[in-house]
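Counting begins at 1 with the first residue of the sequence.
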Amino acid sequence: MAKRLEILVVCGNGAVTSTVVLNKIKDALQKEGIQAKITQKRVAEGAQALESKKFDLAVSTAGQNFAQDSDIPVLNGVPFLTGVGQESVISQIVELAND
């Protein structure tokens, strides 16, 4: 059985782009029967959010530099905007839920 995930979604301003990514992740995980709490943050808040250690993973449309000092996986969120490679990222999230 899949665990409930705590996901951080990060974008430049923590608003429009991260909302698109959040909704696509939420829809995909619902189809997989995976529960998740998804939190949005600006990239400037990302490192501090990861320091809390409450997240299982992060998905970022603003690169991974904010997470240099974290051992939490950071996945590329751009495929949720372009559609190219989206299924691969979803598969990675599902895999983390099933670990």
Set of salt bridge (Lys or Arg N to Asp or Glu O under 4.0 Å) partners for Asp71, sequence neighbours left out: Lys53
Results of salt bridge (Lys or Arg N to Asp or Glu O under 4.0 Å) for Glu45 - residues two or more places apart only: Arg42
Crowding at CG, Asn23 (>12 non-hydrogen neighbours, <6.0 Å): yes
Whether over 12 other heavy atoms sit under 6.0 Å from Asp69 CG: no
Any residue meeting side-chain hydrogen bond (donor to acceptor under 3.5 Å, both in side chains) with Gln40, in chain and number order, not counting sequence neighbours: Ser18, Thr19
For Ser60, side-chain hydrogen bond (donor to acceptor under 3.5 Å, both in side chains) partners two or more places apart: none
Interatomic spacing from CZ in Arg4 to CG in Asp56 - rounded to 0.5 Å: 9.5 Å
Atom pair CD (Gln35) and CD (Gln30), whose distance is rounded to the nearest 0.5 Å: 10.0 Å
Hydrophobic cluster partners of Leu22 (side-chain heavy atoms under 4.5 Å): Leu5, Ile7, Val9, Val20, Val21, Ile25, Leu29, Ile34, Ile38, Leu57, Val59, Leu75, Phe80, Leu81, Val89, Ile90, Ile93, Val94, Leu96
Side-chain cluster (under 4.5 Å, hydrophobic types only) that Leu50 belongs to, other residues: Leu8, Val10, Val43, Phe55, Phe66, Ile72, Val74
Closest non-hydrogen atom pair, Pro79 against Gly85: CB-C, 3.6 Å
